[in-house]
Amino acid sequence: MERPLTQHIPDNGAALHLREYEAVGGYSALRKALRDMEPAQVSTLVKEANLKGRGGAGFATGMKWSFVPMNVPGPKYLIANADEMEPGTFKDRWLLEGNPHQLLEGMILASYAIQATDAFVFLRWAYKDAAREMRQAIADAYTAGYLGKNILGSDFSLEMQLHTGVGRYMCGEETALLNSLEGKRATPRAKPPFPQVSGLFGKPTIVNNVETLSWISHIVNNGEAWFKSLSHTADGGTKIYGVSGRVNKPGAWELPMGITMRELLEEHAGGMRNGYRFRGALPGGASTDFLTDAHLDVKMDFAGVAAAGSRLGTGTMVVLDDHTCPVGFVHNLEHFFAQESCGFCTPCREGLPWTEKILWSLENGTGEPSDLELLERHARLLGPGNTFCALAPGAMEPLQSALKYFREDFEQHIKEKKCPYAHHQH
């Protein structure tokens, strides 16, 4: 089984530095592209490989690049979204800390494809180790001639810098990220214009996730047929999957795209801990719908998880066990989302704190029968199409699916005027 993204990451937690990266073929894709390929050929290759965005939305990467106008003068920007703040998600951190040059090479190739003049790594503020490794990697890449003027003697030039955020979940949304990078309040922008045409400082801009960009050098080196062959399904490549919760071996693994939930849970995460039973899981981080044991044979790719009524999201699963209160579980998430709302639009700003307060009252024994109807109403009114961005609709996914699959737990809180799990939760 091939693991292109993670196979060279040292087991001891150290990063792969420039010389070690070059020793395993690092920057050979960049040499190949600058020597033998036109920018448009790099874009076409990525499009033909059908690389889908690994940040959660699964949008086709080559398609996104194709919207950049190539004949406009002035600067163009390429940004790596490394603002990994989705609860339960820790896949990009592994790549940032373990193989920073793989990301850089992908960014330089992507910049070449869209003819960007400047690139930024927008990094989550809490990722201090990743910041140290990225700074070092960028400095080493400049020294080696992979960044700066006339890269490797070509007529392509690229400047790159690291930007550390200030710890707002909202900055993971690409247009809020652009506002933040411009020094403004991190609120979403109206689309159109789309960032590909008018993004950072009003110039054409591409924002891609860390895991997505880490693929580019491998696709340039090995081609689209190879990329597709790595997967079990029509979505090519491998995927970094993760599992957290009361399993025997929580962690992250690079596996063929489209493995089943059951395989991920039982073979890689080692099954549930003794004395705990699987009740459900959020398949792709906090803002995805619960799936239950009826869904364990669902293939974890974009189409498979969507057909089961959820989203692949980031591919990092959060497991709910039978000793953890589903109402408390969802309350914890809604507290986070309410806190992280940027306040730009009313449904999210007002609706999420209400949702959180209702769940708090259920947990604390003061819930009313009418509360369930209120929660369902919020799930509908904060859903897709009613807000400026996907934060509130995402926040509703665990709530609406918990009401669907664990309704008796909600009703029990109201009937018994307390959380029935209180004695378990330590």
Side-chain angles (χ1 to χ4, degrees), residues 15 54-57 77 79-98 100 103 107 119-138 160-189 195 199-200 205 207-213 240 242 244 252 282 284-288 313-314 316 318 329-345 348-353 355-356 387-395 397-398:
R54 302 310 204 230
Y77 301 108
I79 301 168
N81 186 345
D83 195 53
E84 183 170 56
M85 280 188 70
E86 182 68 23
T89 301
F90 45 88
K91 65 183 184 67
D92 295 337
R93 180 180 170 183
W94 188 16
L95 297 172
L96 289 158
E97 292 178 6
L103 170 61
M107 289 177 72
F120 298 89
V121 180
F122 192 106
L123 182 68
R124 178 184 172 181
W125 74 279
Y127 280 7
K128 307 298 186 203
D129 291 349
R132 189 187 63 242
E133 296 302 343
M134 288 309 302
R135 264 191 209 102
Q136 185 65 53
I138 291 169
M160 186 183 292
Q161 52 184 303
L162 175 70
H163 175 87
T164 47
V166 290
R168 300 305 292 167
Y169 174 70
M170 189 59 217
C171 293
E173 199 278 332
E174 72 173 14
T175 64
L177 180 152
L178 298 175
N179 276 339
S180 180
L181 199 49
E182 289 182 11
K184 297 173 184 154
R185 179 177 159 195
T187 54
R189 296 177 177 182
L200 189 67
T205 305
V207 183
N208 281 133
N209 168 262
V210 167
E211 187 183 352
T212 312
L213 287 165
I240 297 180
S244 59
L282 304 174
S287 43
T288 56
T314 57
T316 46
V318 185
F329 185 116
V330 175
H331 171 256
N332 181 39
L333 295 181
E334 299 309 328
H335 178 84
F336 169 80
F337 288 123
Q339 186 174 284
E340 292 299 332
S341 170
C342 78
F344 194 48
C345 64
C348 180
R349 183 186 65 235
E350 305 299 326
L352 288 175
T355 306
E356 193 258 340
T387 56
F388 261 98
C389 86
L391 190 151
E397 292 186 18

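This one's a predicted model, so the numbers in the text were calculated from it and none came from an experiment.
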CG (Leu333) and CG (Leu282) are apart, to the nearest 0.5 Å, by 6.5 Å

Give, for atom CG of Asn179 and atom OG1 of Thr187, the distance between the pair rounded to the nearest 0.5 Å. 4.5 Å

Test item: Thr205 side-chain N/O and Leu200 main-chain N/O as donor-acceptor pair under 3.5 Å: yes

Check Gln161 against Ile138 and note the closest heavy-atom contact, atom names and distance. C-CD1, 4.3 Å

Quick one: do Asn209 and Lys91 satisfy side chain to side chain contact (heavy atoms under 4.5 Å, CB included)? Show the steps, please. CA-CA 11 Å; Asn209 168 262; Lys91 65 183 184 67; 3.2 Å; yes

What one should report as the nearest heavy-atom pair of Thr288 and Gly313 is CG2-CA, 4.3 Å

Quick one, Met134 and Pro100 - any side-chain contact, counting heavy atoms below 4.5 Å? yes

In a table with atom names and distances, give each donor-acceptor pair under 3.5 Å that connects a side chain of residues 167-177 to protein atoms at least two apart or in another chain.
unit_1: Arg168; atom_1: NH2; unit_2: Gln339; atom_2: O; d: 3.4
unit_1: Tyr169; atom_1: OH; unit_2: Glu86; atom_2: OE1; d: 2.5
unit_1: Glu173; atom_1: OE1; unit_2: Thr175; atom_2: N; d: 3.1
unit_1: Glu173; atom_1: OE1; unit_2: Thr175; atom_2: OG1; d: 2.7
unit_1: Glu173; atom_1: OE1; unit_2: Ala176; atom_2: N; d: 2.9
unit_1: Glu173; atom_1: OE2; unit_2: Thr175; atom_2: OG1; d: 3.4
unit_1: Glu174; atom_1: OE1; unit_2: Lys64; atom_2: NZ; d: 3.4
unit_1: Thr175; atom_1: OG1; unit_2: Arg189; atom_2: N; d: 2.9

Any non-hydrogen side-chain atom of Phe122 less than 4.5 Å from a side-chain atom of Ile79? yes

List the atom of Pro188, the atom of Cys342, and the distance in Å for their closest heavy-atom pair. CD-SG, 3.8 Å

Go through the steps to decide whether Phe337 and Ser287 satisfy the test side chain to side chain contact (heavy atoms under 4.5 Å, CB included), and finish with yes or no. CA-CA 9 Å; Phe337 288 123; Ser287 43; 4.0 Å; yes

If we ignore hydrogens and angles and just use 3.5 Å, is the side chain of Asp92 paired with the main-chain N or O of Glu84 as donor and acceptor? no

Is the backbone N or O of Arg54 less than 3.5 Å from a side-chain atom of Thr212, with the two atoms forming a donor-acceptor pair by type? yes

Could you tell me the separation between the OG1 atom of Thr89 and the CZ atom of Arg124, rounded to the nearest 0.5 Å? 10.0 Å

Mind listing the closest non-hydrogen atom pair of Val330 and Pro398 along with its distance? CG2-O, 4.0 Å

Side-chain donor/acceptor of Ser341 to backbone N/O of Ala338, under 3.5 Å: no

Taken in chain and number order and not counting sequence neighbours, the residues that satisfy side-chain hydrogen bond (donor to acceptor under 3.5 Å, both in side chains) with Arg135 are none

Would you call Asp83 and Leu123 a side-chain contact if the rule is heavy atoms closer than 4.5 Å? no

Glu133 side, atom CD; Tyr127 side, atom OH - distance, nearest 0.5 Å: 14.5 Å

Modelled atom types, side-chain donor and acceptor of Asn208 and Asn81, under 3.5 Å: no

Take atom CZ in Phe388; do more than 12 heavy atoms of anything else shown fall under 6.0 Å from it? no

Apply side chain to side chain contact (heavy atoms under 4.5 Å, CB included) to the pair Phe329 and Val318, showing each step before the final yes or no. CA-CA 10 Å; Phe329 185 116; Val318 185; 3.7 Å; yes

If the condition is side-chain hydrogen bond (donor to acceptor under 3.5 Å, both in side chains), which residues does Glu334 pass it with, not counting sequence neighbours? none

Between the side chain of Glu211 and the main-chain N/O of Ile240, is any donor-acceptor distance below 3.5 Å? yes

In Å and rounded to the nearest 0.5 Å, what is the CZ to OG1 distance from Phe90 to Thr314? 9.0 Å

Cation-pi between Arg349 and Phe344: NZ/CZ under 6.0 Å from ring centre and within 45° of the ring axis? no

Any donor-acceptor pair under 3.5 Å from Lys184 side chain to Leu181 backbone: no

Within the 4.5 Å heavy-atom criterion, are Ser244 and Thr316 side-chain neighbours or not? no

Rounded to the nearest 0.5 angstrom, the CD-CZ distance for Gln136 and Arg132 is 9.5 Å

Where do Val121 and Thr164 land on the side chain to side chain contact (heavy atoms under 4.5 Å, CB included) test, with the steps shown first? CA-CA 8 Å; Val121 180; Thr164 47; over 6 Å; no

Taking all atoms of both residues into account, what is the closest heavy-atom pair of Ala130 and Leu96, and its distance? CB-CB, 3.8 Å

Go through the steps to decide whether Phe120 and His163 satisfy the test ring pair (Phe, Tyr, Trp, His ring centres under 6.0 Å), and finish with yes or no. CA-CA 7 Å; Phe120 298 89; His163 175 87; 7.8 Å; no

